Protein chains: 2
Amino acid sequence: MSGEGQYYAAKEMLAEAGLHCTEPRLAVLSVLLAAERPLSKKQISERLDERINKVTIYRILAAFCEAQIVHKAFTQGRAAYYEPGHNCGAVQCHPHFTCTSCGDTHCFLGKTLPLVKAEAGFVIQRQQVRLEGLCPDCV
Amino acid sequence: MSGEGQYYAAKEMLAEAGLHCTEPRLAVLSVLLAAERPLSKKQISERLDERINKVTIYRILAAFCEAQIVHKAFTQGRAAYYEPGHNCGAVQCHPHFTCTSCGDTHCFLGKTLPLVKAEAGFVIQRQQVRLEGLCPDCV
DNA sequence: AAAATAATTGCAACTAAGTTGCATTTTTGT
DNA sequence: ACAAAAATGCAACTTAGTTGCAATTATTTT
Ligand SMILES: [Mn+2]
Ligand SMILES: [Mn+2]
Ligand SMILES: [Zn+2]
Ligand SMILES: [Zn+2]
């Protein structure tokens, strides 16, 4: 299976997050951990060995976000993309670059911008930086 | 009508952009110009005096984006939000703040961040900064 | 000004992402 | 092994957006 190497890491993460350890949850988390970029529900499904009902996948992702082990990195088109929360600070993770030609997304680790200074009266809880352009393959 | 004061400005913008000047286009652009924040198709419809078919609204927005007089500022939930391109540089406009409590969006004009330095081989064409948190009414 | 041409609009039907209610199955604790 | 609680699956639904095509409106040509 695609997320094979991440299977035991996933098991530990679920336990630590206080989430029941079920097959579908292990499978989804393994896929996310094995991916080098945020994935949509569709992409997750494609990487699963045994099919999991889409409602279940959405509920698993919601539970992961609730437990803070995963977060919505961005939405592209009309789909949300999810990634594990490691590499990510409380207020922002790294910028995400999406190629306008091939559609591929890359995590720009280490390119994090400073935080916007909030206007008077506002409290900023999350900051998200999205980039669009051409990737090396498409330039 | 809501966008009344913007009606003649809209007329000029269409002419300058080389777009045919039709009633639906004038109406949609007037609404966008009168708004102080990006609007979804739904919000645009609600502010129109005479109803315009939704397909037409989407096509008008696509034409405006193509002509660069409007751009997609961000997507929230599963809907895209559009705003006129004034106040906006070629690569990025200002950050957009959305309140997690009331859902309102505010343009943080004057709070623009520096551009991410592209990783080797990448060409960045657009940068977008999204903020989430609590607005003054909801703190 | 009328006709021809090109662009825009509207309608119906469709797609894709995500959600809700409820019955069934799986986990967990005893 | 057994009961209670939680998670899963299915069907049906909602919402945002898209596509094909016919009808309308704007522009150009005669
Ligand atoms: Mn990432
Ligand atoms: Mn804005
Ligand atoms: Zn590319
Ligand atoms: Zn608010």
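Quantities reported herein were computed from a predicted structural model and do not represent experimental measurements. Throughout, a chain's letter reflects where its sequence line sits, starting with A, and its residues are numbered from 1.
Rounded to an integer number of Å, the gap from CD1 of A:I57 to P of D:dG9 is 9 Å. Distance NZ (B:K42) to P (D:dT15): 8 Å, rounded to an integer number of Å. The interatomic distance linking B:E46 (CD) with D:dT15 (P) rounds to 13 Å, in whole Å. Summarising the geometry, the separation between CD on A:E50 and C1' on D:dT8 is reported as 13 Å, rounded to the nearest angstrom. Rounding to whole angstrom units, CD of residue B:E23 and C1' of D:dT24 are separated by 14 Å. When the C1' atom of D:dC13 is taken as reference, atom NZ of A:K54 falls 10 Å away, rounded to whole Å. The CG-P distance, from B:N53 to D:dT24, rounds to 14 Å in whole Å. For the pair B:L61 CG and D:dA16 C1', the interatomic distance rounds to 13 Å; values are reported in whole Å.
Boundaries of the chain B contact region on DNA chain C are C:dA7 to C:dG18, first to last in 5' to 3' order (nucleotide atom under 4.0 Å from a heavy atom).
Judged by closest nucleotide on DNA chain D, B:A79 is the one of B:T22 and B:A79 placed further toward the 5' end. Two residues, A:S40 and B:I60, neighbour DNA chain C, and the one matched to the more 5' nucleotide by heavy-atom proximity is B:I60. Nearest-nucleotide mapping onto DNA chain C: of B:I52 and B:R78, the residue sitting toward the 5' end is B:I52. Nearest-nucleotide positions on DNA chain D for B:K41 and B:C21 put B:K41 closer to the 5' end.
Counting only N and O atoms by type, the side chains of A:T98 and A:R130 include a donor and acceptor under 3.5 Å apart. A side-chain donor-acceptor contact under 3.5 Å links B:E83 and B:H96.
The minimum heavy-atom distance between A:H71 and A:C88, with the atom names listed, is NE2-SG, 3.3 Å.
Using a 4.0 Å heavy-atom criterion, one finds that A:R59 contacts the bases of the nucleic acid, with or without backbone contacts as well. A:A63 comes within contact range of no nucleotide atom at all, as no heavy-atom separation falls under 4.0 Å.
Note: A:H94 and A:F108 fail the aromatic proximity criterion, with ring centroids not under 6.0 Å apart.
Side-chain heavy atoms closer than 4.5 Å link hydrophobic residues (I, L, V, M, F, W, Y) into clusters, and following such links, possibly through other members, connects B:L61 to B:L29.
A:T75 contributes no side-chain N or O that, together with a main-chain N or O of A:R78, makes up a donor-acceptor pair within less than 3.5 Å.
Counting heavy atoms from C-beta outward, B:D137 and B:D104 have side chains that stay 4.5 Å or more apart.
At the phosphate of D:dA26, neither OP1 nor OP2 sits under 4.0 Å from any side-chain N or O atom of B:R25.
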